[in-house]
There are 2 protein chains.
Amino acid sequence: MNEEEQVLIHCLYFTASRFARNITKLADKTFDFGDLAPSYLYMIMIVKFHPGITQKELCHKLSIAPSTSTRFIDKLEKLKLVTRKMDGKLTFISLTEEGEKVYHQFRVSLKELFNSYARVLGSEFSKDLSKMLHEASNNLERDL
Amino acid sequence: MNEEEQVLIHCLYFTASRFARNITKLADKTFDFGDLAPSYLYMIMIVKFHPGITQKELCHKLSIAPSTSTRFIDKLEKLKLVTRKMDGKLTFISLTEEGEKVYHQFRVSLKELFNSYARVLGSEFSKDLSKMLHEASNNLERDL
DNA sequence: CCCTTTCATTTGCATATACAAATAAATTTA
DNA sequence: TAAATTTATTTGTATATGCAAATGAAAGGG
């Protein structure tokens, strides 16, 4: 193994950023929800599983900054896909009827996306990789 | 395993994007090169290993769009870290003396970064994950 | 040798995203 | 209870990044 490979392949920052760009490109191609970029769909899904989730909790689950979550929710609210209920300093987010509908379409697209990359990467490899990334994020968020 | 975990954990788009944000946050904290964000250092490293690389080849190795590479090179050139040599429709990029110096400092920071995440994720796990991401990117770029 | 096609790069514009500062609500302290 | 501190969210501003259109250069066909 030459020097380049040692350095480039072993740096998680490099490999993860590059991979994220590649998979985002694929997700963009696969999903077709008009204005909604894939990351909004990720948020919709989390809200679906945690109706009334607080904004802070959303930030944690997505690993995004609070300001980003504000702007995401702004957009989703404008599209009438989620509702905000504010109480004191907390904001609770839930799906609207329309949001539920988008969620169900989205589930179908998710399968398509999985098939696209599984065809190239292999089904087991994809699942393993995904699981590792999930756990690594949780560990980093907890311990740093 | 509940429904949430099945869906969220198995989607590479979600897990990869989130992980990339987490590791970028860590890289930002670890690197301190004034104006230079970590992604510029990635580019510097690739140029170091491939002196006179074309812009197109750089785009491929970083998985970035051509427009992004133009702007990155603009900035690095302004900082006198790389040189452009244009010939016909090709542009060849190389490091300057100053660029070489930054590269060597950078290597030290890279070790630090590795230690930071290896402390949380484990050294072997980190290397495995990184290798998987590297190969997955190459496969996606080739086959899609 | 012009014209069309192709290819690499750049520019214009839009979005995701972050950080820092501002705001606003709740909690603690004196 | 009034003031200070903490916490959650929002706003201002800046950067990374992509796509689509524009530019500029080479290559091929007549």
Side-chain angles (χ1 to χ4, degrees), chain A residues 13-14 16-44 52-79 82 84-93 141, chain B residues 13-14 16-29 31-43 52-79 82 84-93 141:
Chain A
Y13 165 69
F14 295 154
S17 306
R18 181 178 176 218
F19 183 74
R21 284 193 287 273
N22 276 310
I23 199 80
T24 297
K25 215 177 298 170
L26 187 57
D28 279 334
K29 260 192 285 183
T30 306
F31 298 157
D32 185 16
F33 290 93
D35 277 351
L36 282 188
S39 38
Y40 290 93
L41 296 165
Y42 190 1
M43 182 176 271
I44 284 177
I53 191 173
T54 64
Q55 198 166 323
K56 187 183 165 66
E57 207 26 48
L58 257 182
C59 288
H60 171 250
K61 286 194 180 292
L62 286 156
S63 295
I64 57 177
S67 54
T68 307
S69 72
T70 294
R71 285 172 238 256
F72 269 56
I73 296 167
D74 284 350
K75 179 154 180 181
L76 290 178
E77 203 184 23
K78 195 171 298 171
L79 292 169
V82 306
R84 270 185 169 101
K85 196 170 13 150
M86 305 181 72
D87 178 19
K89 57 185 176 185
L90 295 177
T91 303
F92 303 99
I93 315 295
E141 288 239 328
Chain B
Y13 166 69
F14 295 153
S17 307
R18 181 177 176 218
F19 182 75
R21 284 192 288 273
N22 276 309
I23 199 80
T24 297
K25 215 177 298 172
L26 186 59
D28 279 334
K29 262 192 285 183
F31 298 158
D32 185 17
F33 289 93
D35 277 350
L36 282 187
S39 39
Y40 291 92
L41 295 166
Y42 190 1
M43 182 177 270
I53 191 174
T54 64
Q55 199 166 323
K56 186 182 167 64
E57 204 30 45
L58 257 182
C59 289
H60 171 251
K61 286 194 181 292
L62 287 156
S63 295
I64 57 177
S67 55
T68 305
S69 74
T70 294
R71 286 171 242 256
F72 270 56
I73 296 167
D74 284 351
K75 179 154 180 180
L76 290 177
E77 201 183 25
K78 195 171 298 172
L79 293 169
V82 306
R84 270 186 170 101
K85 195 170 13 151
M86 305 180 73
D87 179 20
K89 55 184 175 182
L90 294 177
T91 304
F92 303 100
I93 315 294
E141 288 239 328

In whole angstroms, the gap separating C1' of dG18(D) from NZ of Lys29(A) amounts to 14 Å
If you restrict it to nitrogen or oxygen atoms, what contacts under 3.5 Å exist between nucleotides 18-27 of chain C and the protein, and what is each distance?
residue : atom : partner  : partner atom : Å
dA18(C) : OP2  : Ala65(A) : N            : 2.8
dA18(C) : OP2  : Thr68(A) : OG1          : 2.6
dA18(C) : N6   : Arg71(A) : NH2          : 3.3
dC19(C) : N4   : Ser67(A) : OG           : 2.7
dA25(C) : O3'  : Lys89(A) : N            : 3.4

Selection from dT17(D), dT11(D), dT9(C) that lies nearest to any side-chain heavy atom of Thr70(A): dT11(D)
Of the listed nucleotides (dA16(D), dT11(C), dT9(D)), which one gets closest to any side-chain atom of Lys56(A)? dT9(D)
Please classify the nucleic acid contact of Ser39(B) as base, sugar-phosphate, or nothing, using heavy-atom distances under 4.0 Å. sugar-phosphate
Hey, does Ser17(B) have a side-chain heavy atom less than 4.5 Å from the side chain of Thr24(A)? yes
Hey, does Arg84(B) have a side-chain heavy atom less than 4.5 Å from the side chain of Ile93(B)? yes
Side chain to side chain, Ile53(B) and Phe92(B), heavy atoms closer than 4.5 Å: no
Roughly, in whole Å, what's the span from CD in Glu57(B) to C1' in dT9(C)? 15 Å
State which of dA16(D), dT9(C), dT9(D) makes the closest approach to the side chain of Gln55(A). dT9(D)
Mind checking whether Lys89(B) and Thr54(B) have side chains closer than 4.5 Å, heavy atoms only? no
note: Phe92(A), atom CZ; dT9(D), atom C1'; distance rounded to Å ~ 13 Å
What is the distance from NE2 of His60(A) to P of dT7(D), rounded to the nearest Å? 17 Å
May I have the distance from Asp74(A) (atom CG) to dT15(C) (atom C1'), rounded to whole angstrom? 14 Å
Measure CD1/Ile93(A) against C1'/dT9(D) and give the value in whole Å, please. 10 Å
Would you say Arg84(A) reaches dT10(D)'s phosphate, i.e. side-chain N/O to OP1/OP2 under 4.0 Å? yes
CZ/Arg18(B) to CD1/Ile23(B) distance, rounded to the nearest 0.5 angstrom? 13.0 Å
Report the distance from atom OH of Tyr42(A) to atom C1' of dA16(C), rounded to the nearest whole Å. 15 Å
Distance check, rounded to the nearest 0.5 Å: Leu36(A) atom CG versus Met43(A) atom CE? 11.5 Å
Counterpart residues, side chain to side chain donor-acceptor pair (under 3.5 Å), relative to Asp28(A) (two or more places apart): none
Can you see if the side chain of Tyr40(A) gets near the phosphate of dA16(C) - specifically, an N or O under 4.0 Å from OP1 or OP2? yes
In whole Å, I'd like the distance from the CG atom of Leu90(B) to the P atom of dT23(D). 21 Å
